[in-house]
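Report on one structure; see the data block that follows.
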Amino acid sequence: MRNISEGWAYFNYTQTKRSKQYLLSFFNQKEYHIDQALRVQNILKLFLQNLSLIQGYKINDQTVSSLHQFSEEADGRHFTYKTSILYREFYKEVNFNITLLVDFFYHFGVVLRNMNLTGANTEYVHEIEKMMQFIHSLSVNEYYNKDLDFKQKKAILTKIETERENGKLTSFWDFFYRFDMYSGMAKGIQKHDLKFPDFNADHRFIIKDFYHPDLKDPVKNTIDITENNIIVFTGANMSGKSTAMKSISIIVWLAHLGLAVPAGYCHIPFYDRICLFFSVNDDLEKGYSYFAREIMNLKEVLLELKSKKCFAVFDEIFKGTNINDAALITINAVEGLSRYKDSMFVLSTHLNLIENKLSEYSNILVLNLESFVKDDQLIFTYQLKEGWSKIEIGKILFDQYGLNALLKP
């Protein structure tokens, strides 16, 4: 995913446009609650447990959309013997929609009845049972695959009207689109071989064999932190710093939504707020420069920290100001953030001159993505290593691209 906010695309196996809207709304959450995340986990495990059944259930978006609209507009008062004579096309269309409606509810009811609910979330099982009762009340089992007479069709329209007025029809469609959303998520989890995370309250931050889901043949890394609450990534451009930071961020974000993650194992704390700053832009309308935007981002996090546990990421922090300025305020920021032991901060920097100062803090873990020069060629292994990266590739690339020769008279 080029942008972390596009993570929903890995779970977009929904079958209707409305379900996709539900999915987008789900991914646009700003607040995170562990009870909700665990509930979603449990529901998704239920769908994975029934994946073969769910994958066999096919629906057509246009048909569902038409049936939804028909059910919202159905009016038995206009379905009379008189309309069957005077308004034949209308009468024919209603008949057709009634047949489709019975077929739709029958097949969806079959899916619900055949789901294995062992170990499922009690609340969600209750929702499923309510929907099965609702479908049963429409008499679709009795009417399915039969030629219905006028009286039976009238009864269906009247029943739909009644259920619309008491709110049960609205509840059904909400359940149905969320069901399709969860189905799509489960399909994405299986397709990408994702694993569900665990949460802890003892500040352990362990992610094993993690990777970025965009990469076809990713190099997997592991991070295991017990005492640190700040991770500083150093190293050359192109070494994989941003990719590693995005990989960790994606995992934390998906975990807090209740989803499975691109890692072999994940055991992390649960945070109240997630703040990710990878692409900082000038805000011309408000008159902010790039650096001012960076300052405002840090202020946003500090204000959240007054009442919340945060996971925050700053890619190339304070690169919008001069090197001396950046070094001083980076040290100040790290020193201040280090006091928030219940939160986790990840940042990257090219400021080698602050290495000695940062080494004074015991709760800072410095990492780099291994890179070295061999036979005048830059080698990137994309493997995480502890410690400060010493390689400086500016001059190497300057020479490799022949700029020295071009600059000579």
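Bear in mind the structure is a predicted one, so any value in this text is a computation, not a measurement.
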Donor-acceptor pair between [X] and [Y] side chains, under 3.5 angstrom:
X: D174; Y: Y22; value: yes
X: E73; Y: Q69; value: yes
X: N12; Y: T14; value: yes
X: W388; Y: N368; value: no
X: D315; Y: S242; value: yes
X: D180; Y: S19; value: yes

Before accepting this row, confirm whether a basic side-chain N of the pair [X]/[Y] lies closer than 4.0 Å to the acidic partner's carboxylate O.
X: R204; Y: D224; result: yes
X: R293; Y: E300; result: no
X: K168; Y: E161; result: no

Strictly distance-based, threshold 3.5 Å: is any side-chain N or O of [X] a donor or acceptor partner for the main-chain N or O of [Y]?
X: N228; Y: I230; result: no
X: T63; Y: I59; result: no
X: N28; Y: L24; result: yes
X: Q15; Y: D61; result: no
X: D103; Y: T99; result: no
X: S25; Y: Q21; result: no
X: S338; Y: E335; result: yes
X: K146; Y: E142; result: yes
X: Q152; Y: D149; result: yes
X: N352; Y: E355; result: no

How close do [X] and [Y] get, heavy atom to heavy atom, and via which atoms?
X: I207; Y: I251; answer: CG2-CD1, 3.7 Å
X: P269; Y: F199; answer: O-CD2, 4.0 Å
X: S71; Y: I160; answer: O-CG2, 3.5 Å
X: I250; Y: P213; answer: CD1-CD, 4.1 Å
X: C310; Y: S343; answer: N-OG, 2.8 Å
X: L44; Y: L259; answer: CD1-CD2, 3.4 Å

Would you please indicate yes or no on a ring centroid separation below 6.0 angstrom for [Y] and [X]?
X: Y143; Y: Y106; value: no
X: W8; Y: Y13; value: no
X: H68; Y: F104; value: no
X: F205; Y: H267; value: no

Greater than 12 external heavy atoms within 6.0 Å of [X]'s [atom1]:
X: H107; atom1: NE2; answer: yes
X: D202; atom1: CG; answer: yes
X: H126; atom1: NE2; answer: no
X: K187; atom1: NZ; answer: yes
X: Q62; atom1: CD; answer: no

When you compare the side chain of [Y] with that of [X], does any pair of heavy atoms fall below 4.5 Å?
X: I231; Y: I364; result: no
X: L369; Y: L384; result: yes
X: F47; Y: I54; result: yes
X: L112; Y: E129; result: no
X: Y124; Y: L46; result: yes
X: F345; Y: V334; result: no
X: I248; Y: F210; result: yes
X: E386; Y: V366; result: no

* **Ring-face cation contact, F233 with K241, 6.0 Å cut, 45° max** => no
* To do: Kindly confirm or rule out a cation-pi arrangement of K309 over Y271, judged by NZ or CZ under 6.0 Å from the six-membered ring centre and within 45° of its axis?
  => no
* How many angstroms lie between OG in S348 and CG in L367, if you round to the nearest 0.5 Å? -> 11.5 Å
* K153 NZ to F150 CZ distance, which is reported to the nearest 0.5 Å -> 9.5 Å
* Please work out whether the ring planes of W173 and F176 are parallel, tilted or perpendicular, with thresholds of 30° and 60°. => perpendicular
* **Residues forming a ring-ring contact (aromatic ring centres under 6.0 Å, His included) with Y57, sequence neighbours excluded** => F108
* Asked: Do K191 and D193 pass the salt bridge (Lys or Arg N to Asp or Glu O under 4.0 Å) test, and can you show the C-alpha distance, the side-chain angles, and the key distance before you say yes or no?
  -> CA-CA 6 Å; K191 181 177 176 63; D193 192 27; over 6 Å; no
* Asked: Considering the options L337, N229, I225, which one meets the side-chain contact (heavy atoms from CB on, under 4.5 Å) requirement together with N363?
  -> N229
* **Q29: partners by side-chain contact (heavy atoms from CB on, under 4.5 Å), with sequence neighbours left out** => F26, L257
* salt bridge (Lys or Arg N to Asp or Glu O under 4.0 Å) assessment of E127 paired with R39 -> CA-CA 13 Å; E127 284 190 56; R39 179 179 182 273; 3.0 Å; yes
* To do: Let me see the working for H256 and F311 under ring-ring contact (aromatic ring centres under 6.0 Å, His included), right down to the final yes or no.
  => CA-CA 11 Å; H256 281 63; F311 175 84; 7.8 Å; no
* Dump the intermediate steps for salt bridge (Lys or Arg N to Asp or Glu O under 4.0 Å) on E304 and K299, then the final yes or no. => CA-CA 9 Å; E304 294 283 4; K299 182 178 180 179; over 6 Å; no
* Which is it for S371 and Y382 under the side-chain contact (heavy atoms from CB on, under 4.5 Å) test, yes or no, and what are the steps along the way? -> CA-CA 8 Å; S371 55; Y382 307 109; over 6 Å; no
* Go through the steps to decide whether K319 and E294 satisfy the test salt bridge (Lys or Arg N to Asp or Glu O under 4.0 Å), and finish with yes or no. => CA-CA 9 Å; K319 70 176 183 179; E294 290 186 300; over 6 Å; no
* To do: Any chance you could lay out the side-chain contact (heavy atoms from CB on, under 4.5 Å) test for W253 and F27, step after step, and finish with the verdict?
  => CA-CA 10 Å; W253 177 50; F27 272 89; 3.5 Å; yes
